[in-house]
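Read the structure below first, then the notes.
Chain identifiers are assigned alphabetically (A, B, ...) following the order of the sequence lines, protein sequences preceding nucleic acid strands; residue numbering begins at 1 within each chain.
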Amino acid sequence: MRQIFLWYPIFFREMLLFRRKLLRLGYLFSAMIVPIIYLIAFGLGLGRSVKIQGTDYLTFLIPGLVAMSSMNNSYTWVASALNLNRLYFKTFQVFIQAPISPSSIMIGEVLAGMVKGLFASVLIIIVGFLIPSGFSITPLFVMTLLLNCFLFSNLGVITGMLAKSHEDTATYSNFFIMPMAFFSGTFFPVDKIPDFIKPVIYLMPLTHTNIVIRKAALDTEGLISFAVLIIYSIAFFMYGSKLIKNYTE
Amino acid sequence: MIEAIGLTKHYGQITAVDNLSLAIARGEVFGLLGPNGAGKTTTIKMLTTLSRPDSGTCMIDGFNVVEEPFEIKKRIGVVPQENNLDRELTARENLLIYGMLHGVRDMEKKMAETLKIVDLWDRRDSVVLSFSGGMQRRLLLARALLTEPFVLFLDEPSIGLDPQIRRQMWDIVRKTKIDGRTVVLTTHYIEEAEALCDKVGILSRGRLIALDSPENLKAIVGEYVVEFVNGDGKLIQNVCKTRDDAHEIAKQRGDGVTIRRSNLEDVFIKLTGERIETGEPVE
């Protein structure tokens with residue numbers, strides 16, 4: 001029975017550290033700054049006179065920014081912290097030497113990553129409600145947001161485990177996260193992208209998050225994207241758990 | 001309590017531990033003595049499930065370290081060489097998380113007991129970042145003792161500590177032995193090995209080259225050492241079996257000769273031709 005809850009100390013530790021970070025103004029600022037710059041530059045500047053999919057640009061953009069922000073924060077904080085804890089601070093070794101299962105470590109890290117991703121998303125959502133737009137939240141929006149945080153926290157664990165140095169995590173980010181932020185439908189619909197690139201675009205999980213998060217209800221397209229997100233999440237979770245299980249120095 | 005047979009670990013072309021076999025009895029304080037890079041930390045990592053051996057087996061309390069790591073983890077406490085405390089958390093928070101990971105019951109009582117043992121009770125709510133190096137080592141020890149492990153592993157427990165704090169650490173380790181625990185420690189301090197260990201294994205370049213009690217190991221080389229500086233300014237050491245032999249040599253040399261009891265450094269020099277702490281060859 002105890003095994004089921006053994007993710008909790010890992011999660012609890014991350015939350016204690018997160019609470020300390022929150023007390024520093026710099027953390028809040030860094031979580032918000034990038035999406036807010038995009039919101040001002042693209043939404044309030046460039047997008048003022050643009051209409052996309054029959055709605056004003058801000059109504060299109062804000063859910064995309066929430067998805068992007070949840071991806072960035074879930075992924076980056078987990079990847080970076082896990083990598084540093086494994087290679088420099090060696091606190092990860094305390095988990096490995098504790099009588100808990102690799103999946104407990106995985107769940108604890110991922111849930112903590114989700115909290116960080118959701119925290120950053122909530123900040124963007126608040127800003128989204130403060131500026132005039134047709135942005136609204138549906139149950140599907142919330143479910144997609146949670147799934148997106150889960151998925152990218154899992155990917156964060158994988159990067160944190162694979163990266164051979166802290167600089168390496170930035171390389172992974174430049175290759176996978178950065179292109180996703182710009183080409184997965186955050187700032188413009190993916191149907192505007194040339195056909196020959198589209199297969200790559202549809203391989204990117206964030207593309208599917210952006211499809212589902214903007215829907216009021218699940219249609220066929222949404223259902224397929226939702227299924228893709230679930231498949232990615234399960235695959236990433238299993239691979240991350242395997243990396244932890246096979247960890248050796 | 002611990003039985004290792006043929007443990008071997010390679011890192012690329014380098015053999016960090018080469019065919020190491022040893023047996024440690026319950027309640028014993030066992031020391032692995034050797035210079036930096038001898039394979040001490042790799043050995044500890046293999047015994048504590050952190051590193052998988054390339055070959056060989058190891059049993060702790062009847063459980064196989066590779067095949068039953070979960071059972072091993074329930075029975076051991078580890079003080080690693082690197083400080084792997086959460087520096088931004090308090091001493092209490094560090095112990096709390098560790099205790100939760102290991103399913104410690106009656107946590108508040110245990111935390112109070114261990115923090116008092118290492119004399120950090122008054123600083124329990126201070127952030128680890130504000131601790132000195134010695135305090136952090138003591139907190140690491142408290143954390144390892146929190147679970148009341150059957151076997152306590154200490155990897156260079158007093159590295160970088162000043163002599164006074166080092167002796168405090170030794171007192172705690174002695175107390176741990178009195179409580180009936182098996183202690184396995186690595187060190188490159190001769191004094192530490194002699195002060196604490198019932199049995200010492202000497203490691204050199206990944207190989208266990210001697211294993212016995214400090215007294216028996218010293219008996220290999222002789223009980224007394226005559227030291228003098230020769231005409232080239234080099235320190236010459238002659239090891240003698242008896243005090244009379246030592247006095248005889250001293251008489252022949254005349255002034256500037258000292259006689260002292262042999263130590264484990266002399267054993268190491270005899271076996272490897274090098275000094276433990278520096279790895280320099282000795283003539």
Side-chain angles (χ1 to χ4, degrees), chain A residues 1-24 26-27 77 80-109 111-112 161 164 241-249, chain B residues 9 11 16 41-54 63 65-66 68-90 92-105 107 127-129 140 143-144 146-147 149 151 153 155:
Chain A
M1 187 64 186
R2 186 180 158 256
Q3 275 302 310
I4 300 170
F5 299 103
L6 278 180
W7 55 268
Y8 183 69
I10 314 266
F11 175 76
F12 177 63
R13 168 187 175 272
E14 287 291 339
M15 290 303 100
L16 285 175
L17 291 165
F18 186 53
R19 192 184 68 185
R20 291 230 164 37
K21 279 198 183 83
L22 280 181
L23 297 175
R24 293 185 214 133
Y27 177 82
W77 289 109
S80 173
L82 189 58
N83 191 259
L84 280 173
N85 289 340
R86 183 170 65 85
L87 295 175
Y88 298 101
F89 300 125
K90 307 278 182 184
T91 46
F92 177 74
Q93 282 74 343
V94 176
F95 305 154
I96 291 291
Q97 286 176 319
I100 59 172
S101 65
S103 53
S104 295
I105 299 175
M106 187 76 189
I107 293 169
E109 291 287 353
L111 288 180
M161 292 300 293
K164 291 188 167 50
S241 297
K242 190 175 170 227
L243 287 174
I244 295 172
K245 186 176 179 219
N246 293 340
Y247 181 80
T248 182
E249 292 192 353
Chain B
K9 181 80 183 178
Y11 291 110
T41 296
T42 306
T43 304
I44 292 281
K45 281 182 177 175
M46 287 193 284
L47 298 179
T48 59
T49 75
L50 200 54
S51 183
R52 221 161 282 142
D54 295 326
F63 294 98
V65 172
V66 176
E68 299 159 292
F70 204 82
E71 294 300 329
I72 302 296
K73 290 169 188 178
K74 286 199 278 190
R75 288 163 171 76
I76 62 170
V78 185
V79 176
Q81 194 174 146
E82 307 96 353
N83 168 11
N84 66 355
L85 295 162
D86 277 309
R87 294 162 178 82
E88 289 184 43
L89 300 183
T90 64
R92 201 180 157 281
E93 287 167 341
N94 268 281
L95 294 196
L96 184 64
I97 291 163
Y98 191 82
M100 287 164 80
L101 282 167
H102 287 259
V104 172
R105 290 181 188 171
M107 189 94 84
V127 173
V128 171
L129 267 176
L140 279 168
R143 193 181 67 178
L146 185 71
T147 61
V151 187
F153 289 93
D155 193 3

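Heavy atoms closer than 4.5 Å to chain B are found nowhere in A:Y88, neither backbone nor side chain. Heavy atoms of B:E82 lying under 4.5 Å from chain A belong exclusively to its side chain. At a 4.5 Å heavy-atom cutoff, the contact between B:N83 and chain A is made by backbone atoms alone. If you measure heavy-atom distances from A:R20 to chain B, the contacts under 4.5 Å come from the side chain alone. With a threshold of 4.5 angstrom between heavy atoms, B:L96 approaches chain A through side-chain atoms but not through N, CA, C or O. If you measure heavy-atom distances from B:K74 to chain A, the contacts under 4.5 Å come from both the backbone and the side chain. For A:F12, the part lying near chain B is the side chain, with the backbone staying farther off; criterion is any non-hydrogen pair under 4.5 Å.
Counting only distance, with no hydrogens or angles, the side chain of B:R52 and the backbone of B:V66 share no donor-acceptor pair below 3.5 Å. Distance alone, capped at 3.5 Å, places no donor-acceptor pair between the B:K73 side chain and the B:H102 backbone. No donor-acceptor pair under 3.5 Å is formed between the side chain of B:S51 and the backbone N or O of B:M46.
Between B:E93 and A:R19 there is a salt bridge, with a side-chain nitrogen of the basic residue lying less than 4.0 Å from a carboxylate oxygen of the acidic one.
Heavy-atom pairs under 4.5 Å with chain A peak, among B:N94, B:D86, B:V127, at B:D86. Chain A forms more heavy-atom pairs under 4.5 Å with one residue of B:I76, B:L50, B:T48 than with any other, namely B:L50.
For the residue pair A:I100 and B:F70, the shortest heavy atom distance occurs at N-CE1, 3.7 Å. Looking at every heavy atom in both residues, B:A144 comes nearest to B:V79 through CB-CG2, 3.7 Å.
By the 6.0 Å contact criterion, NZ on A:K21 is enclosed, its count of non-hydrogen atoms from other residues, nucleotides or ligands being greater than 12.
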